[in-house]
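Letters go in sequence order (proteins before strands), and every chain restarts at 1. Atoms considered below: every heavy atom in the structure, side chains included; atoms not considered: hydrogens, waters and symmetry mates.
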Amino acid sequence: MGAQRVAEVDVRKQALDEPGVLQVQLPSPVSLQVSLECGQVFRWKRCDFQGCPDIGIAYKGVTGGTGLIMGQSQPLSDLVWVRYDPGAVSPQDVRDTVLRYLSAEDDIPSIESRLAASGEVMREAVTFGRGLRIIKQDPWEALASYVLSINNSITNISRIIGYLSERLGEPCGLGEKSFPGPERIAGADLTCLRECKCGFRAQNLLDAARKVSGGEIDLDAIPTMTVDEARRELMRIRGVGPKVADCVLLFGYHKLEVFPVDVWVARAVSRYFMGGRPVSPEEARAEGLKRFGQLAGYAQEYLFYYLRSQEL
DNA sequence: AAACAGGTGCTAA
DNA sequence: TTAGCACCTGTT
């Protein structure tokens, strides 16, 4: 019913040479709302899935180098509707991009049940965050984003990334602009980055862009390293400490065995697993790694989303 | 108005 | 090794 409706709209829009529409089937349910709003990505804005009232929730953003709108008619479903610019990208590429971005191959039912079985708190956190998927971001964009996240608010991080894309990125469909590559940012000057409201992080971002574009840091080599090596490598960049490095490994390289510790996660570990005793970030990290092993990344994101929703 | 936000680098013990 | 502090900018 809803599908038919969308198909009709699709045909009409195509005839008008406007963005196309397709649906992507995932192997297990996903919640776009949870996955895109839990704070792991900064590019997606709520919007209408134009002309399709059945699609209750939709987001516009950029991934895989193209502007997309993703939407769902139900909050938790294995079906995702996608609107794209047919002049910029093929339907098959859109499908592949979305499947990859949403980590279609992660066995979510298994991850959810194993974490839920690990204790009462995790059971509640998983229930609350059902449909969460660790997004596969572009490694450079993840690095830049988390360099910008230092001592910053999520809304402000999103805004800065928007400014940088608007100013230095390239049109990539649906009126969106891509996130500028390392060469582009390395070629910009400090003034430009300050004008994009990077603040004191401008210097750090520039350092990251220079090291990456100059080959001093090889982002393509990270997957061949052990997590510890990769961590040390990333931390050679100014402004990249343990937390940022772990976020880059989790969100840019899908290293699910890392456990990034920020103030919220440290708070969660203290409250739920250490009887309320204050813990250092390093102690919280050790506890997370020990407790969750290969699922640490997912556990961290459920905990973060769960605790924040309670206290925000 | 003052404090805080997905931390990190620097300095001093 | 670790504690204390400053830091752009926007919000409350």
Pick base, sugar-phosphate or nothing for [X], based on heavy-atom distances below 4.0 Å to the nucleic acid.
X: A/Gln300; answer: base
X: A/Pro242; answer: sugar-phosphate
X: A/Tyr163; answer: nothing
X: A/Arg194; answer: sugar-phosphate

Over how many whole Å does the gap from [X] atom [atom1] to [N] atom [atom2] extend?
X: A/Asn156; N: B/dA3; atom1: CG; atom2: P; result: 20 Å
X: A/Asp246; N: B/dT8; atom1: CG; atom2: P; result: 9 Å
X: A/Gln203; N: B/dC10; atom1: CD; atom2: C1'; result: 15 Å
X: A/Lys197; N: C/dG10; atom1: NZ; atom2: P; result: 5 Å
X: A/Tyr146; N: B/dT8; atom1: OH; atom2: C1'; result: 17 Å
X: A/Leu148; N: C/dG10; atom1: CG; atom2: P; result: 14 Å
X: A/Arg231; N: B/dG7; atom1: CZ; atom2: C1'; result: 13 Å
X: A/Leu193; N: C/dT9; atom1: CG; atom2: C1'; result: 15 Å

Original post:
C/dT2 pairs with which nucleotide, Watson-Crick or G-U wobble, both distances below 3.5 Å?
Top reply: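 Paired with C/dT2, as far as the under-3.5 Å criterion goes, is B/dA12.
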**OP:** State whether A/Arg236 and A/Glu216 are salt-bridged, where the test is any N-O pair (Lys NZ or Arg NE/NH1/NH2 against Asp/Glu carboxylate O) under 4.0 Å.
**Re:**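 Judged by the 4.0 Å cut-off on N to carboxylate O distance, A/Arg236 and A/Glu216 do form a salt bridge.
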**OP:** Determine the Euclidean distance between corresponding P atoms of B/dC10 and C/dC8; express it in Å to zero decimal places.
**Re:**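 C/dC8 and B/dC10 have their P atoms separated by 14 Å.
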**OP:** Would you mind reporting whether A/Glu287 and A/Val279 have side-chain heavy atoms less than 4.5 Å apart?
**Re:**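 In short, these two side chains do not touch, never coming nearer than 4.5 Å.
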Original post:
Heavy-atom count around A/Gln25 CD within 6.0 Å, excluding the residue itself: above 12?
Top reply: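 Yes, the 6.0 Å shell around CD holds more than 12 heavy atoms from other groups.
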Original post:
Looking just at side-chain N and O atoms, do A/Tyr84 and A/Asp93 make a donor-acceptor pair shorter than 3.5 Å?
Top reply: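 Judged by distance alone, the side chains do not pair up.
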Subject >> Verdict with reasoning, A/Phe179 to A/Asp138, per side-chain contact (heavy atoms from CB on, under 4.5 Å) >> reply: CA-CA 10 Å; A/Phe179 186 77; A/Asp138 169 72; 5.9 Å; no
Subject >> Contact under 4.0 Å: A/Arg159 side-chain N or O vs C/dT11 OP1/OP2 >> reply: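 Answer is yes, contact under 4.0 Å.
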Original post:
When only distance counts, do a donor and an acceptor, one from the side chain of A/Asn151 and one from the base of C/dC8, lie under 3.5 Å apart?
Top reply: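 Counting by modelled atom types and ignoring angles, a donor-acceptor contact under 3.5 Å is found here.
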**OP:** Identify, between A/Asn204 and A/Arg201, the residue whose nearest nucleotide on DNA chain B lies closer to the 5' end.
**Re:**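 The answer here is A/Arg201.
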**OP:** Look at the side chain of A/Asp262 and decide which nucleotide, out of B/dG9, B/dG7, B/dA5, has an atom nearest to it.
**Re:**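 Comparing B/dG9, B/dG7, B/dA5 against the side chain of A/Asp262, the answer is B/dG7.
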